[in-house]
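To find a chain, count down the sequence lines: A is the first, B the second, and so on, and within it residues start at 1. Because the structure is a prediction, the values reported are computed rather than measured.
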Number of protein chains: 2
Amino acid sequence: MEIRLLRAFVVLADCLHYGQAASRLCLTQPALTKQIRVLEDRLGAPLLVRGRHGAALTGFGADFLGEARELLGRADALDERARRMVRGEAGRLAIGFGLSSLQLAPQHIAAFRRHHPDVEIGLEDMSSAEQVERLLDGRLQLGFVRLPVVAPLASLPLLTDRLVLAVGDGVDPLRPPTLLRLARHRGPGLAGEVDRLLDHWAGQGYVPSAVHEAGDIQTLLALAAAGIGAALVPESAVRILPPGVRIVRPGTDLVWQTGLAWLPQAGSPLRDRFIALLR
Amino acid sequence: MEIRLLRAFVVLADCLHYGQAASRLCLTQPALTKQIRVLEDRLGAPLLVRGRHGAALTGFGADFLGEARELLGRADALDERARRMVRGEAGRLAIGFGLSSLQLAPQHIAAFRRHHPDVEIGLEDMSSAEQVERLLDGRLQLGFVRLPVVAPLASLPLLTDRLVLAVGDGVDPLRPPTLLRLARHRGPGLAGEVDRLLDHWAGQGYVPSAVHEAGDIQTLLALAAAGIGAALVPESAVRILPPGVRIVRPGTDLVWQTGLAWLPQAGSPLRDRFIALLR
DNA sequence: GGATTTCCATTCCTTCAGGTTATCACCAAC
DNA sequence: GTTGGTGATAACCTGAAGGAATGGAAATCC
């Protein structure tokens with residue numbers, strides 16, 4: 001089923017006059033005659049009866065006309081949609097986000113959706129490490145992740161969380177027996193700050209006896225409350241502080257940034273618009 | 001948007017290998033390469049990135065793939081549907097029916113629909129005269145009408161109604177003052193029978209003083225009940241006989257047939273199937 | 001590390017589908 | 001009869017689409 005033939009037929013059915021239809025199609029009349037004959041041959045039945053004054057649709061022609069119009073409309077819509085996809089006004093954007101970006105992602109995504117209602121946004125909830133993996137293999141175009149991100153990825157910092165120490169009663173925040181930190185896979189950016197803290201302590205002649213990991217911040221705080229040690233947590237965690245735990249600034253400034261990450265070489269105008277909107 | 005290019009792209013996106021895709025399309029690899037490049041040029045953006053081991057979709061390519069598949073599916077469906085239209089298994093059938101065929105049309109249409117579920121049937125309620133007009137100009141393919149029908153139309157008798165006289169108390173059914181008949185435009189076949197009745201009466205030396213027309217049978221019967229005269233009605237009208245009216249056979253056999261009518265030269269396999277089913 | 005394989009791009013050539021011009025055939029209206 | 005309008009046909013031309021052969025770069029294999 002060639003679009004060209006359908007278009008010829010639909011225009012001809014509109015004016016029921018080969019000459020006029022041909023000029024509307026920017027063709028000559030014999031060319032149109034041929035196209036219609038080809039279409040009729042392919043279908044195996046006549047679409048029009050040629051009278052002396054113009055042509056008239058056959059019953060089959062009338063039935064077929066509706067279907068042809070339908071398909072043509074969809075073909076044109078696809079053309080238009082493709083153009084908009086190229087310009088970055090339509091398409092699909094797969095965006096990852098995690099617990100760390102719960103305050104961040106929704107508002108930005110909502111803003112983007114307001115500007116680009118035709119863009120289908122696929123939101124996928126996963127850890128920063130998973131997001132990085134999927135950004136690298138292309139399953140994700142954008143991710144709200146803990147910064148920094150590794151080499152081929154680019155990023156835009158959006159939110160800076162100060163890191164603080166949470167300690168239970170009776171624990172010396174400056175020399176805690178154990179340092180409690182979030183598991184490595186939950187936040188790639190944390191490692192550097194942990195090292196900076198340990199270096200800072202080492203400079204003061206102190207080395208904690210152990211570094212423990214936990215999978216989420218609630219667990220870290222619970223361990224701190226039990227007097228196990230000092231938990232290195234983002235300052236925003238004060239909202240979920242259990243009783244008997246207090247917040248202490250470490251001796252050195254430690255930060256944990258959350259931001260948007262992407263793979264620059266996997267360019268997509270849609271993605272670039274999203275980034276531009278956040279800048 | 002050429003179907004050919006979309007098909008090439010979709011197949012290529014399926015196997016992500018130019019050689020394999022080309023052979024599936026019954027093409028050589030350079031031809032496919034060219035088609036994809038043409039498509040990319042038209043769209044204005046690359047659909048795939050060519051790696052050393054096969055190709056991979058770009059983000060845009062993946063977005064576009066879904067849309068392309070959609071359109072291709074519809075194009076193929078149109079092909080299939082067109083084939084079935086030609087074979088008379090799909091399409092649209094405009095059928096007229098009137099009050100006179102209320103007992104007739106629904107059951108036949110239901111039977112046809114059972115045999116051909118993909119046929120869209122447009123039912124149009126109108127008088128026999130209107131049906132004839134629309135059959136002649138092609139707006140109707142079939143009509144359940146009073147017979148006989150005029151010259152270029154063909155017909156199939158389906159139901160024979162005996163015509164009887166309905167008279168009120170105190171009216172002589174053999175010499176009624178007035179003959180009450182249905183309006184001419186409501187039943188073309190009635191005129192001949194009316195004439196036969198008048199001839200029959202004339203042969204017996206009787207001529208009614210007037211012939212009155214009414215638009216529907218209820219009115220005719222009401223007039224008869226009022227003693228105006230004798231109403232010539234189909235025998236099936238006994239079901240709606242008002243009190244004080246009795247049925248009398250006229251001295252001669254008068255019939256009124258209902259049947260299916262169509263315009264033979266406006267052939268349509270669908271229509272022919274409908275007719276064949278009733279034969 | 002060179003030979004081989006794999007896979008896509010390029011080049012060149014052929015073919016034929018699709019277009020144009022010119023003309024014909026037919027009917028209707030004047 | 002003539003003229004005008006309409007679609008069909010014929011002859012020809014162009015260029016788009018496909019095929020064969022080749023190129024070239026990465027991966028693979030001894």
Discussion item. If you only use heavy atoms from C-beta on, which nucleotide in dT10(C), dT6(D), dG18(D) is closest to the side chain of Gln35(B)?
Written reply: dG18(D)
Worksheet item: So which one's nearest nucleotide on DNA chain D is more toward 5', Arg50(A) or Lys34(A)?
Response: Arg50(A)
Worksheet item: Could you state the CG-P distance from Leu25(A) to dG18(C), rounded to the nearest angstrom?
Response: 15 Å
Discussion item. Does a side-chain N or O of His17(B) approach OP1 or OP2 of dT6(C) to a distance below 4.0 Å, or not?
Written reply: no
Item to complete: Check if the side chain of Gln29(A) and the base of dA8(D) share a donor-acceptor pair of N or O atoms closer than 3.5 Å.
Response: yes
Worksheet item: Between dG7(D) atom C1' and Leu47(A) atom CG, what is the distance in whole Å?
Response: 16 Å
Fill in: Between CD on residue Glu80(B) and CG on residue Leu78(B), distance to nearest 0.5 Å
10.5 Å
Item to complete: State whether Arg37(B) places a side-chain N or O below 4.0 Å from either non-bridging phosphate oxygen (OP1 or OP2) of dC8(C).
Response: no
Worksheet item: Do the side chain of Ser128(A) and the main chain of Arg146(A) share a donor and acceptor less than 3.5 angstrom apart?
Response: yes
Fill in: Leu104(A): which of Leu159(A), Ile109(A), Leu278(A), Leu260(A) passes side chain to side chain contact (heavy atoms under 4.5 Å, CB included)
Leu159(A)
Worksheet item: Roughly, in whole Å, what's the span from OH in Tyr18(B) to P in dG18(D)?
Response: 15 Å
Worksheet item: Phosphate oxygens OP1/OP2 of dG19(C): is one of them under 4.0 Å from a side-chain N or O of Arg4(A)?
Response: yes
Worksheet item: Taking only N and O in the side chain of Thr28(A), is any of them less than 4.0 Å away from OP1 or OP2 of dG19(C)?
Response: no
Worksheet item: Please give, in whole Å, the distance from dT20(C) C1' to Leu27(A) CG?
Response: 10 Å
Practice prompt. Starting at atom CG of Leu5(B), determine the distance to atom C1' of dA16(D), rounded to an integer number of angstrom.
Written response: 12 Å
Worksheet item: Using the ring of each side chain (for Trp, its six-membered ring), is Phe64(A) parallel, tilted or perpendicular to Phe9(A), with breaks at 30° and 60°?
Response: tilted
Worksheet item: Could you give the CG-to-P distance, from Asp41(A) to dG18(C), as a whole number of Å?
Response: 12 Å
Item to complete: Let me know which of Val10(A), Leu12(A), Leu32(A) forms a side chain to side chain contact (heavy atoms under 4.5 Å, CB included) with Leu25(A).
Response: Leu32(A)
Worksheet item: Taking atom C1' of dA9(C) as reference, at what distance in whole Å does atom CD of Glu40(B) sit?
Response: 13 Å
Item to complete: Taking only the side-chain nitrogens and oxygens of Thr33(B), find out if one of them lies under 4.0 Å from OP1 or OP2 of dA9(C).
Response: yes
Discussion item. Nearest whole Å is fine: how far is dA17(D) P from Arg42(B) CZ?
Written reply: 7 Å
